[in-house]
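All of these numbers come straight from a predicted model, not from anything done at the bench.
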Amino acid sequence: MKKFYDASLMSLSDASGKLNIFALAVPIFFQQIFTLLLSTVNTVALMQVSGDAVTAINVASSVLFIPTAILTMPATGILIILCIALGLGETDTVSNAYVSGMRCLFAASAVISVICVAFAMPFMELMNISGTVLDYAVIYFKIRSVFLVLDALIVYLTAVLRAHGRAESTLVSGIIVNAVNALLSVMVVKNIIFSDNKIIGVSVAAVIGQLAGVCYSFGTLYGSKCIKRGGSFKTEIAVKIFKIGIPGGFSILAYNISTMLVTAMVATLGTEMVNTSVFVTNISNYTYKFGYAMAQAGGIMMGRLYGAGNCSKAKSLFVQNIRCIPIINAVLSIAVFVFSNKIMMIFTDNANIIGFSHYLFLASVPVQIFRGMTHVGENALCSAEDTVYTSIVSISSCFLINVLLCWIFCIKLGFGLYGYYIASAVDEGMRGLMYRIRWNKGKPLQKFER
């Protein structure tokens with residue numbers, strides 16, 4: 001009988017060095033938290049200015065996510081290519097892939113930035129805002145759009161450093177970004193800088209914070225000599241980067257569009273239901289972050305194992321992760337359920353919201369368990385360059401299962417927010433099942449086994 005947990009699977013040694021799944025996962029987890037904090041800091045700072053400013057920033061940030069998601073495509077492709085090349089010990093391929101991906105990134109950033117700046121006003125008007133809120137949103141959107149390359153570079157350099165096992169550097173980068181942003185935002189609110197226009201001040205604070213993070217990441221990357229100098233642009237590698245990365249980018253876009261559609265359905269249930277949903281969703285999101293970081297770290301290690309031709313260990317790591325990560329999610333989500341009343345009191349004193357949310361946190365437990373299975377399967381398949389399959393499953397499930405079932409259960413059958421969690425559980429469960437079936441057939445690993 002095989003052991004439930006095998007510690008030897010948590011680390012590896014190949015032609016490019018050693019990796020440990022926990023050494024990768026812990027920094028990835030905290031880096032995700034710090035990424036969430038960037039917009040939170042801006043929101044808290046602008047609460048001292050006006051409600052219109054807060055609304056404007058939130059609306060502009062929601063639209064900015066779309067171009068940012070598009071610019072993650074090169075990072076998705078480069079991470080997978082580098083992991084496999086590092087497993088093989090092909091240093092020339094690593095340096096050429098890095099240079100090729102960087103040039104693609106700058107070209108895509110330039111085009112998208114121009115489009116966003118030129119159409120800032122129409123984009124914001126699509127969000128049904130007007131007056132002062134519209135003016136503030138356009139200013140923030142334009143400034144952040146000009147420097148979209150910084151958003152893209154942070155994601156790209158993070159991917160490169162993670163592939164080399166330097167996830168702790170991405171954590172430090174996240175701390176720097178948020179520390180600089182927070183410090184400058186406070187100076188803006190206190191009228192020390194940009195006293196005439198606080199929207200511009202907070203926008204610039206975010207940009208300078210990102211610039212500081214990018215500078216640190218570049219310094220770490222070249223200081224550690226992870227990338228061999230002398231790399232050159234290779235058309236075939238650039239094509240492969242987008243071939244792998246584009247499906248993943250579309251998956252992210254589909255997920256967020258479906259989320260917007262589901263949010264619109266929930267909005268028809270009334271203001272109190274919307275507020276309850278926002279509180280519960282934001283808190284529940286933290287219960288799967290560590291499991292997601294473990295799944296990402298596992299995907300990185302599997303990519304290196306694929307490249308080294310050690311598919312048997314990759315398969316064993318997959319099986320162990322598919323057992324353990326859903327359990328991690330379950331434990332954390334159950335803990336939040338048990339202490340949900342006390343947690344909710346931090347955010348609201350509305351007894352109805354606190355009482356109802358307690359049962360929603362319980363309904364969230366199976367969602368997080370299935371989500372853990374989905375994250376493990378998706379990262380394992382993507383690391384084997386099987387991004388087309390994962391994107392087809394993800395996009396189909398987002399709309400044909402999540403959105404459709406949410407409409408049926410929430411609206412037609414009148415289950416309210418409970419219907420939302422039923423739809424989410426079915427969505428995550430179906431995706432996890434489809435990924436597991438694909439993995440069990442072994443097709444993505446055939447080329448590495450040969």
Between the CG atom in N321 and the CD1 atom in I328, the distance rounded to the nearest 0.5 Å is 8.5 Å
State, yes or no, whether a side-chain contact exists between V180 and L211 at a heavy-atom distance under 4.5 Å.
-> no
Which pairs, with at least one residue in residues 238-267 and sequence neighbours excluded, count as a ring pair (Phe, Tyr, Trp, His ring centres under 6.0 Å)?
-> none
Might you work through the side chain to side chain contact (heavy atoms under 4.5 Å, CB included) test for Q210 and F147, ending with a clear yes or no?
-> CA-CA 9 Å; Q210 289 178 315; F147 297 98; 5.6 Å; no
Value for OG1 (T390) from CD (E378), rounded to nearest 0.5 Å, stands at 5.5 Å
According to the salt bridge (charged side-chain N to carboxylate O under 4.0 Å, His left out) rule, which pairs have a member within residues 382-408, sequence neighbours left out?
-> K240-E385, E385-K447, D386-R438
Would you check, one step at a time, whether the test side chain to side chain contact (heavy atoms under 4.5 Å, CB included) holds for I252 with M73?
-> CA-CA 10 Å; I252 295 172; M73 294 177 183; over 6 Å; no
Nearest-0.5 Å distance that lies between atom CG in N96 and atom CD1 in I237 | 5.0 Å
Nearest 0.5 Å, what's the CG-CG distance between L161 and L24?
-> 11.5 Å
Apply side chain to side chain contact (heavy atoms under 4.5 Å, CB included) to Y98 and L221, showing your working.
-> CA-CA 11 Å; Y98 171 77; L221 187 63; 3.5 Å; yes
Can you find a side-chain donor-acceptor pair between Y140 and R144 that sits under 3.5 Å?
-> yes
So, S100 side chain and K234 main chain: donor-acceptor pair closer than 3.5 Å or not?
-> yes
Residues forming a side-chain contact (heavy atoms from CB on, under 4.5 Å) with I334, sequence neighbours excluded = V338, V365
Those residues at least two apart in sequence (or on a different chain) that pass side-chain contact (heavy atoms from CB on, under 4.5 Å) with V214 are L150, L153, I154, L157, F218
Check whether any side-chain N or O of T387 sits under 3.5 Å from a backbone N or O of I244 as a donor-acceptor pair, and report yes or no.
-> yes
Around M430, counting heavy atoms of other residues, nucleotides and ligands shown, do more than 12 lie under 6.0 Å from its CE?
-> no
So do the side chains of L148 and L64 get within less than 4.5 Å of each other, counting heavy atoms only?
-> yes
Would you mind listing every salt bridge (charged side-chain N to carboxylate O under 4.0 Å, His left out) that reaches into residues 175-185, with sequence neighbours excluded?
-> none
Taking only residues at least two apart or on different chains, which pairs with a member in residues 90-114 satisfy salt bridge (charged side-chain N to carboxylate O under 4.0 Å, His left out)?
-> D92-K228
Determine whether N379 and Y292 make a side-chain contact, defined as any pair of heavy atoms from C-beta on separated by less than 4.5 Å.
-> yes
Judged by atom type as modelled, is there a donor-acceptor pair below 3.5 Å linking the side chain of N181 to the main-chain atoms of A206?
-> yes
Minimal heavy-atom distance between I227 and H164, with the atoms involved, is CD1-CE1, 3.8 Å
So, the side chain of Y216 versus the backbone of I176: is there a donor-acceptor pair under 3.5 Å, distance only?
-> no
Are side-chain heavy atoms of L332 and K289 found at a separation under 4.5 Å?
-> no
For the residue pair L445 and K315, what are the closest heavy atoms and their distance?
-> CD1-CE, 3.7 Å
Identify each donor-acceptor pair in which a side-chain atom of residues 105-120 lies under 3.5 Å from a protein atom, sequence neighbours left out, and give them as a table.
{"from": "S109", "atom 1": "OG", "to": "L105", "atom 2": "O", "distance (Å)": "2.8"}
{"from": "S113", "atom 1": "OG", "to": "S109", "atom 2": "O", "distance (Å)": "2.9"}
{"from": "S113", "atom 1": "OG", "to": "S145", "atom 2": "O", "distance (Å)": "2.8"}

Aromatic rings F141 and F123: how do their planes relate, parallel, tilted or perpendicular, breaks at 30° and 60°?
-> perpendicular
Any side-chain donor near an acceptor of the partner, Q320 and D6, under 3.5 Å = no
Shortest non-hydrogen contact between V388 and S391, atoms and distance = O-OG, 2.8 Å
Go through D151 and L71 one step at a time and tell me if the side chain to side chain contact (heavy atoms under 4.5 Å, CB included) criterion holds.
-> CA-CA 8 Å; D151 292 89; L71 291 175; 6.0 Å; no
S383 side chain to G299 main-chain N or O, any donor-acceptor pair under 3.5 Å?
-> yes
Examine distances only and state if a side-chain atom of S424 and a backbone atom of Y420 form a donor-acceptor pair shorter than 3.5 Å.
-> yes
Grab the two heavy atoms, one from A137 and one from A60, that are nearest each other, plus how far apart they are.
-> O-CB, 3.8 Å
Ignoring hydrogens and angles, tell me if any N or O in the side chain of S284 forms a donor-acceptor pair with the backbone of V280 under 3.5 Å.
-> yes
Shortest non-hydrogen pair, A97 vs L82, comes out as CB-CD2, 4.1 Å
So OG1 of T281 and CG of L417: to nearest 0.5 Å the spacing works out to 8.0 Å
Listing, residues 370-377 side-chain donor-acceptor contacts under 3.5 Å, not counting sequence neighbours, or none:
{"from": "R371", "atom 1": "NE", "to": "E428", "atom 2": "OE2", "distance (Å)": "3.1"}
{"from": "R371", "atom 1": "NH1", "to": "Q368", "atom 2": "OE1", "distance (Å)": "3.2"}
{"from": "R371", "atom 1": "NH2", "to": "E428", "atom 2": "OE2", "distance (Å)": "3.3"}
{"from": "T374", "atom 1": "OG1", "to": "F370", "atom 2": "O", "distance (Å)": "3.2"}
{"from": "T374", "atom 1": "OG1", "to": "E428", "atom 2": "O", "distance (Å)": "2.8"}
{"from": "T374", "atom 1": "OG1", "to": "E428", "atom 2": "OE1", "distance (Å)": "3.3"}
{"from": "T374", "atom 1": "OG1", "to": "G432", "atom 2": "N", "distance (Å)": "3.3"}

Check whether any side-chain heavy atom of S95 lies under 4.5 Å from a side-chain heavy atom of V99, and answer yes or no.
-> no
With sequence neighbours left out, which residue pairs that include part of residues 294-310 fulfil the side-chain hydrogen bond (donor to acceptor under 3.5 Å, both in side chains) condition?
-> D14-R304, Q32-Q296, N310-S312
Quick one: CG on L381 to NZ on K443, what's the gap to the nearest 0.5 Å?
-> 12.5 Å
Which residue pairs pass the salt bridge (charged side-chain N to carboxylate O under 4.0 Å, His left out) test when at least one of the two sits in residues 161-178, sequence neighbours left out?
-> R166-E168
If every non-hydrogen atom of L184 is compared with every non-hydrogen atom of A205, which pair is closest and at what distance?
-> CB-CB, 3.6 Å
State, with a plain yes or no, whether a side-chain heavy atom of I200 is found less than 4.5 Å away from one of I139.
-> yes
Report yes if some heavy atom in the side chain of I70 is under 4.5 Å from a heavy atom in the side chain of L253; otherwise report no.
-> yes
Take atom OH in Y359; do more than 12 heavy atoms of anything else shown fall under 6.0 Å from it?
-> no
Please table the atom pairs, donor to acceptor, closer than 3.5 Å between any side-chain atom in residues 392-409 and protein atoms at least two apart or in another chain.
{"from": "S396", "atom 1": "OG", "to": "I392", "atom 2": "O", "distance (Å)": "2.7"}
{"from": "S397", "atom 1": "OG", "to": "D427", "atom 2": "O", "distance (Å)": "3.4"}
{"from": "S397", "atom 1": "OG", "to": "D427", "atom 2": "OD1", "distance (Å)": "2.3"}

Return each pair, listed once, that meets ring pair (Phe, Tyr, Trp, His ring centres under 6.0 Å) where at least one residue sits in residues 309-339; pairs must be two or more places apart or across chains.
-> F318-W439, F337-H358
